Number of protein chains: 2
Amino acid sequence: MFSIGQLSKRTGVKIPTIRYYEQMGLIDEPERSEGNQRRYTKDGLSRLSFIRHSRDLGFSVEDIRGLLDLSQHPEKPCSDAHSIAARHLQDVQSRIAKLRRLERELKRITKCDAGNVATCAVIETLADHGLCETEH
Amino acid sequence: MFSIGQLSKRTGVKIPTIRYYEQMGLIDEPERSEGNQRRYTKDGLSRLSFIRHSRDLGFSVEDIRGLLDLSQHPEKPCSDAHSIAARHLQDVQSRIAKLRRLERELKRITKCDAGNVATCAVIETLADHGLCETEH
DNA sequence: TATAATTCCTCTAGCCACTAGAGCTTCAAG
DNA sequence: CTTGAAGCTCTAGTGGCTAGAGGAATTATA
Ligand SMILES: [Zn+2]
Ligand SMILES: [Zn+2]
Ligand SMILES: [Zn+2]
Ligand SMILES: [Zn+2]
């Protein structure tokens, strides 16, 4: 049996976050000590590790809810898990693409030789998207 | 003089967002009609366009506050603007790097040949970061 | 065993940058 | 002068936490 603090140390999930996950229904309400403190089992630990790792990989809490549900049903086909992961991958890729467009523009505007604001490329570009090279 | 709706159409900023920016102090409180409706000038329009473009480039509201301040003082050196932009560029780049690490892992785990959850690479990997190839 | 230090509890509120909706008032066209 | 669109304020919700207040329980030390 682990206290919430021990669970936190073992998983790297902060204590208030564990309680938040409980509130969101990602983890079951654990047993309590006589004094009403949370006591976790190994199952609770591995479930939280699953959540932690999924969050680290950028899955939303909603996605994780679905993935956890699936993981409780080993006999089910895994196509649902794949579609969640594939959708997330697409999302990550489109975010990368967007950030790369930003990176390009930001690199460009920070090449400014002016000394003061009046003719600064940064300020001028912000005032006028027409000065940008790409859409973003 | 523009109504808030006209300003919204011209800048692409939604009406509630314009009011939000006013509340945040990014734009001055505009004059009002006799019936208390907001009336904007061309200055208001260009200030909002500046904000819109800066947001599109990913600057935070706090950064924009600083950039707007600078843009009102053309005689100032533009080094402050540059450091805001450079810091933001760094931030964008580190987000790209992080997303690329995620992309790599997600691509890997979605190559799963199993048919059901019991042996699915997606679910197994989420349960155990040790199965990942990289840190992320 | 008494006390002190640490950990835990619940509850509320704050973060960012909006977005939605309720219930009301004003404006502009015909 | 009526009507319908557009505006007003205010509150609350989004996601994923995080911080703090004020108190109770647990653990370690003397
Ligand atoms: Zn400059
Ligand atoms: Zn632009
Ligand atoms: Zn699979
Ligand atoms: Zn991993």
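None of the values given here were measured: they were computed from a predicted structure. Below, chain A is the first sequence line, B the second, and so on; all start at residue 1.
- Atom CD1 of B/I64 and atom C1' of C/dC16 are 12 Å apart (whole Å).
- When side chains are defined from C-beta on, B/E135 does not count as touching B/R101, because their heavy atoms never get closer than 4.5 Å.
- Nucleotide C/dT26 holds its P atom 19 Å from the CE atom of B/M1, rounded to whole Å.
- Judged by distance alone, the side chain of B/S49 and the main-chain N or O of B/L45 form a donor-acceptor pair under 3.5 Å.
- Ranking C/dC8, D/dC8, D/dT18 by closeness to the A/K14 side chain, first place goes to D/dT18.
- Summarising the geometry, the separation between CD on A/Q6 and P on C/dT6 is reported as 17 Å, rounded to the nearest angstrom.
- Judged by closest nucleotide on DNA chain C, A/R38 is the one of A/R38 and B/R19 placed further toward the 5' end.
- Atom pair B/Q37:CD and C/dT26:C1' shows a separation of 5 Å (rounding to whole Å applied).
- At the phosphate of C/dA17, neither OP1 nor OP2 sits under 4.0 Å from any side-chain N or O atom of B/Y21.
- Rounded to whole angstrom, the span from the CE atom of A/M24 across to the P atom of D/dG15 amounts to 9 Å.
- Judged as a side-chain hydrogen bond (donor to acceptor under 3.5 Å, both in side chains), not a single pair has a partner in residues 10-19 of chain B (not counting sequence neighbours).
- Here D/dG7 presents its C1' atom at 17 Å from CZ of B/F2, a figure rounded to the nearest Å.
- Nearest-nucleotide positions on DNA chain D place B/G5 closer to the 5' end than the other of B/G5 and A/R39.
- Separating the CD atom of B/E34 from the P atom of D/dG7 is a distance of 18 Å, rounded to the nearest angstrom.
- Of the listed nucleotides (D/dC8, C/dA17, C/dC8), C/dA17 has the atom at the smallest distance from the side chain of B/Y20.
- Regarding B/I4, its CD1 atom lies at a distance of 13 Å from the P atom of D/dA6, rounded to whole Å.
- With C/dC18, D/dG16, D/dT26 as the choices, the nucleotide that has an atom nearest any side-chain atom of A/V61 turns out to be D/dG16.
- Under the side chain to side chain contact (heavy atoms under 4.5 Å, CB included) test applied with B/R52, the options B/L57, B/I64, B/V13, B/I18 reduce to a single match, B/V13.
- Within 6.0 Å of the CD atom in B/E31, the count of heavy atoms belonging to other residues, nucleotides or ligands does not exceed 12.
- Neither OP1 nor OP2 of D/dG15 sits under 4.0 Å from any side-chain N or O of A/R65.
- Taking 4.0 angstrom as the limit, A/S60 places none of its side-chain polar atoms (N or O) nearer than this to OP1 or OP2 of D/dG15.
- For the OP1/OP2 pair of C/dT10 and a distance below 4.0 Å, the side-chain nitrogens and oxygens of A/R32 include at least one atom meeting the criterion.
- In this model, the phosphate group of D/dT26 is not approached by any side-chain N or O of A/S3 to a distance below 4.0 Å at OP1 or OP2.
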